Visitor: 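Below is the structure I would like to discuss, written out as structure tokens.
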Amino acid sequence: MTGDERQASVPEAFAALYRDPRGRLTLPVRALDERHELCEDLAQHLVASAQGLHHDTGLPREEVLQRITAGLAQPDSGLSADEARWTVGRLGELLRWPSAPPAT
């Protein structure tokens, strides 16, 4: 797979996290692909946890997403603040929770 093919599989909303004001990527395409894969995998993994929090505790969807955002915003999460927001937005899309900010 070429760099262009990998970049094409990364949603523009994610790639925008790593574009300078002139629209150029600020990291190599391979690194962009790896960061996107990490965030996408994390969003997929968090689906069951988010559903459980909502259904088992009765927390509103918005609060579930806020709590997950707060957790991912911690320095030891391995994500940047922008990646954390994108990941939670993607999680909301996967859950089909309309209150979630869009990731794509």
Side-chain angles (χ1 to χ4, degrees):
M1 183 181 302
T2 68
D4 290 341
E5 290 169 345
R6 277 196 305 273
Q7 186 176 353
S9 68
V10 174
E12 182 52 38
F14 189 85
L17 303 178
Y18 291 99
R19 291 199 186 279
D20 68 16
R22 298 177 84 190
R24 295 177 297 198
L25 287 175
T26 58
L27 75 167
V29 173
R30 172 171 248 136
L32 175 70
D33 187 50
E34 290 169 357
R35 297 305 299 174
H36 172 257
E37 186 175 338
L38 171 71
C39 292
E40 178 67 29
D41 289 350
L42 183 56
Q44 296 278 344
H45 179 75
L46 288 169
V47 167
S49 297
Q51 288 172 327
L53 275 172
H54 176 60
H55 293 295
D56 297 344
T57 67
L59 287 173
R61 293 171 175 174
E62 297 83 12
E63 186 165 341
V64 170
L65 294 175
Q66 287 172 354
R67 287 182 180 204
I68 293 172
T69 300
L72 294 179
Q74 298 301 309
D76 61 347
S77 75
L79 301 181
S80 70
D82 288 339
E83 288 174 335
R85 281 189 294 277
W86 186 90
T87 300
V88 172
R90 179 67 178 132
L91 172 61
E93 289 175 351
L94 293 168
L95 291 165
R96 297 185 181 177
W97 288 0
S99 60
T104 55

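The first residue in the sequence is number 1, and the count goes up from there. Just so it is clear, the model here is predicted, and its values are computed rather than measured.
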Visitor: Provide the closest heavy-atom pair for Ala50 versus Leu95 in the form atom of the first, atom of the second, distance.
Guide: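 Heavy atoms only, the tightest pair is CB-CD1, 3.7 Å.
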Visitor: If I take atom CD1 from residue Ile68 and atom CD from residue Glu63, how far apart are they, to the nearest 0.5 angstrom?
Guide: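 Rounded to the nearest 0.5 Å, the CD1-CD separation comes out at 11.0 Å.
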Visitor: Would you find a donor on one side and an acceptor on the other, under 3.5 Å apart, between the side chain of Ser77 and the backbone of Ala73?
Guide: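 No; zero donor-acceptor contacts below 3.5 Å.
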Visitor: Regarding Asp82 and Arg85, does a basic nitrogen lie under 4.0 Å from an acidic carboxylate oxygen?
Guide: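 Result for this pair is yes, salt bridge flagged.
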Visitor: Could you check whether any side-chain heavy atom of Leu91 comes within less than 4.5 Å of a side-chain heavy atom of Trp97, counting everything from C-beta outward?
Guide: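 When only atoms from C-beta onward are counted, Trp97 and Leu91 do not touch, as no gap falls below 4.5 Å.
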Visitor: Determine whether Leu38 and Glu83 make a side-chain contact, defined as any pair of heavy atoms from C-beta on separated by less than 4.5 Å.
Guide: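 Sidechains of Glu83 and Leu38: no contact.
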Visitor: Pairing donors with acceptors under 3.5 angstrom, does anything connect the side chains of Glu62 and Gln66?
Guide: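 No pair is found: no donor N or O on one side chain lies under 3.5 Å from an acceptor on the other.
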Visitor: Crowded around Glu37 CD? As in, over 12 foreign heavy atoms under 6.0 Å?
Guide: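 At most 12 heavy atoms, drawn from other residues, nucleotides or ligands, come within 6.0 Å of this atom.
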Visitor: Mind checking the CG-CD spacing from Leu42 to Glu40? Nearest 0.5 Å is all I need.
Guide: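 Here the rounded value is 10.0 Å.
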Visitor: For residues 48-58, pull every pair meeting salt bridge (Lys or Arg N to Asp or Glu O under 4.0 Å), keeping only residues two or more places apart or in separate chains.
Guide: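 Those involving residues 48-58 do not exist here.
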Visitor: Can a donor-acceptor pair be found, under 3.5 Å and without considering hydrogens, that links the side chain of Thr26 to the backbone of Tyr18?
Guide: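 A pair under 3.5 Å: yes.
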Visitor: What pair of heavy atoms forms the shortest contact from Gly78 to Arg35, and how long is it?
Guide: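 Smallest heavy-atom distance, with atoms named: O-NH2, 2.8 Å.
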Visitor: Might you point out which heavy atoms bring Leu94 and Gln44 nearest each other, and give the distance in Å?
Guide: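 Here Leu94 and Gln44 meet closest at CD2-NE2, 3.6 Å.
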Visitor: How close do Leu79 and Ala84 get, counting heavy atoms only, and between which atoms?
Guide: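 Residues Leu79 and Ala84, closest heavy atoms: CD1-CA, 4.1 Å.
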Visitor: Suppose we screen for side-chain hydrogen bond (donor to acceptor under 3.5 Å, both in side chains). Which residues come up paired with Arg96, at least two apart in sequence or across chains?
Guide: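 Not a single residue meets the side-chain hydrogen bond (donor to acceptor under 3.5 Å, both in side chains) criterion with Arg96.
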Visitor: Is there a side-chain contact between Glu93 and Arg90, using heavy atoms and a 4.5 Å cut-off?
Guide: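 Yes; the side chains approach each other to less than 4.5 Å.
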Visitor: State, with a plain yes or no, whether a side-chain heavy atom of Leu46 is found less than 4.5 Å away from one of Leu72.
Guide: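 A side-chain contact under 4.5 Å exists here.
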Visitor: Minimum heavy-atom separation for Asp33 and Ser9, please, with both atom names.
Guide: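 Closest pair (atom of Asp33, atom of Ser9, distance): OD1-OG, 3.9 Å.
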Visitor: Is there a side-chain contact between Val29 and Val10 (heavy atoms, below 4.5 Å)?
Guide: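 No, their side chains stay 4.5 Å or more apart.
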